[in-house]
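Here's the structure we're looking at; comments come further down.
Letters A, B, ... are given to chains in the order of the sequence lines, protein chains preceding strands, and every chain is numbered from 1. All figures in this text were calculated on a predicted structure; none of them were measured in a lab.
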Amino acid sequence: MPELPEAETIARGLHATIAGSRVERVRVHRAEVVEPMTAAAFRRALTDRRITSVGRRAKWIVASLDDGNRWVTQLRMTGRFDWSAASRLQARPHLSVSVLVQRADTGGVIRFYDVRRFARMWVLDPAAWSELDARLGIEPLSDEFTPASLASVLAPSRAPIRNVLLDQRRIAGIGNIYASEACYLARVDPRRPATTLVMPEVRKLHRAIRVVLGEAVERRGTSFSDYRDLLGDEGTFQNVLDVYDREDDTCRRCGDQIIRVVMAGRSAYLCPGCQK
DNA sequence: CCCCTCACCTGATCGC
DNA sequence: TGCGATCAGGTGAGGG
């Protein structure tokens, strides 16, 4: 489900809702979500902490705590938060973790659901956080992400461009939807070996990545089936997709037929007419 | 080291 | 309508 824009939307919602709150109670409904932590250790690490801010790194939701630790969540395919002003902890389908928070004025419950049970949620000390952070590549919306830095990621790799874009160790936050969309916008064929891109193409792809991700953040993400924001609302980027999930549809640019190809076990979409 | 395949899980959808 | 096969936005272990 969520890639960078969806994680960013959720993080912003959480920041607006629970930054400054204190955690009163934690319930772990499915212990596997916090593995390898135990449910007891997770509860202990989070209870009574104040949440100073909530942000995003790659596709992770990162909440900073007043003791210097971080409460981090990896949504994977179907992880989903919601917020309820009611302060009762109760079981619901697919519910993994409930966190009761309290501010001076108001309180409520952050619930975390995960249908497919791939998601993970931990509390990390600064060293463990650094280790995780170091494994993740450059943030594509940051100032450090330049055509030159993209070139340094693409040039050494003979793997298809699309697979390199999905590699979180190299560039952080791009998933299957936005990889296809960015290649389309840049007019490059995602199947080409990354190393074959020449600098003008790298510049176009760099720009395309930023445009696609930036617009998707503005549109609060792409909702196919599972993704919803903190308030349960859908994003709107699905309405402006050019190639993703449009197999056999007509290319809006050249009129050719969009195709689906399987790369590294996952679908990629492209227009053979105008992506070279 | 690089890169691909597969497994992890549940639910929705497709074809017969 | 029913039922098995297939596929889904992520990622890391394992193998070639």
Rounded distance (Å) that lies between atom [atom2] of [N] and atom [atom1] of [X]:
| X | N | atom1 | atom2 | value |
| --- | --- | --- | --- | --- |
| A/F224 | C/dG10 | CZ | C1' | 15 Å |
| A/I177 | C/dG10 | CD1 | C1' | 12 Å |
| A/R116 | C/dG12 | CZ | P | 16 Å |
| A/R76 | C/dA8 | CZ | P | 17 Å |
| A/Y244 | C/dC7 | OH | P | 13 Å |
| A/M77 | C/dT11 | CE | P | 10 Å |

**Report entry** Strand-adjacent residues in residues 151-170 of chain A, judged by heavy atoms under 4.0 Å from DNA chain B
**Finding:** A/S157, A/R158, A/A159, A/P160, A/N163, A/R170
Query - Residue pairs passing the ring pair (Phe, Tyr, Trp, His ring centres under 6.0 Å) test where at least one lies in residues 230-264 of chain A, sequence neighbours excluded - result: A/Y178-A/F237, A/F224-A/Y244, A/Y244-A/Y269
Requested in this report: Mind jotting down which residue pairs meet the ring pair (Phe, Tyr, Trp, His ring centres under 6.0 Å) criterion with at least one end in residues 8-33 of chain A? Sequence neighbours excluded, please.
Outcome: none
Please give the remaining members of the hydrophobic cluster of [X], linking ILVMFWY side chains under 4.5 Å, ordered by chain and number.
| X | result |
| --- | --- |
| A/L95 | A/Y113 |
| A/V198 | none |
| A/M263 | A/I259, A/V261, A/L270 |
| A/L166 | none |

Query raised in the report: Charged N to carboxylate O below 4.0 Å: is that the case for A/D48 and A/R22?
Result: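 Between A/R22 and A/D48 there is a salt bridge, with a charged N closer than 4.0 Å to a carboxylate O.
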Report task. State whether A/D114 and A/R80 are salt-bridged, where the test is any N-O pair (Lys NZ or Arg NE/NH1/NH2 against Asp/Glu carboxylate O) under 4.0 Å. Result ->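 A/R80 and A/D114: not salt-bridged.
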Requested in this report: Mind jotting down which residue pairs meet the side-chain hydrogen bond (donor to acceptor under 3.5 Å, both in side chains) criterion with at least one end in residues 207-221 of chain A? Sequence neighbours excluded, please.
Outcome: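 Listed once each, the pairs are A/E215-A/R219, A/R219-A/T236, A/R220-A/D229.
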Query raised in the report: Which side-chain hydrogen bond (donor to acceptor under 3.5 Å, both in side chains) pairs, counting each pair once, include a residue from residues 148-157 of chain A, with sequence neighbours left out?
Result: A/T146-A/S149
Report task. State the CD-CD distance between A/Q74 and A/Q168, to the nearest 0.5 angstrom. Result ->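 Reported to 0.5 Å precision, the distance equals 9.0 Å.
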Query raised in the report: If you look at every strand shown and take non-hydrogen atoms under 4.0 Å, does A/Y178 touch a base, only sugar-phosphate, or nothing?
Result: nothing
Query raised in the report: Contact class for A/T222 vs. all strands (heavy atom < 4.0 Å): base, sugar-phosphate, or nothing?
Result: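 Counting heavy atoms under 4.0 Å across all strands, the contact made by A/T222 includes a base.
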Query raised in the report: List DNA chain B stems (3 or more consecutive Watson-Crick/G-U pairs, under 3.5 Å)?
Result: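 Stem list for DNA chain B: B:2-8 with C:10-16, B:10-16 with C:2-8.
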Requested in this report: Between C/dG14 and B/dC9, how far apart are the P atoms? Round to whole Å, please.
Outcome: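 Approximately 15 Å lies between the P atom of B/dC9 and that of C/dG14.
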Query raised in the report: Does a side-chain N or O from A/T78 land closer than 4.0 Å to OP1 or OP2 of C/dA8, or not?
Result: no
Query raised in the report: Distance check: side-chain N/O of A/Q74 vs OP1/OP2 of C/dT11, anything under 4.0 Å?
Result: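 For C/dT11, OP1/OP2 do have a side-chain N/O of A/Q74 under 4.0 Å.
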Requested in this report: Go through the N and O atoms of the side chain of A/R266 and the base of C/dA8, and report whether any donor-acceptor pair is under 3.5 Å.
Outcome: no
Requested in this report: Could you list the residues that satisfy ring-ring contact (aromatic ring centres under 6.0 Å, His included) with A/H206, not counting sequence neighbours?
Outcome: A/F145
**Report entry** chain A contact limits on DNA chain B, taken 5' to 3' with a cut-off of 4.0 angstrom to heavy atoms
**Finding:** B/dC3 to B/dG11
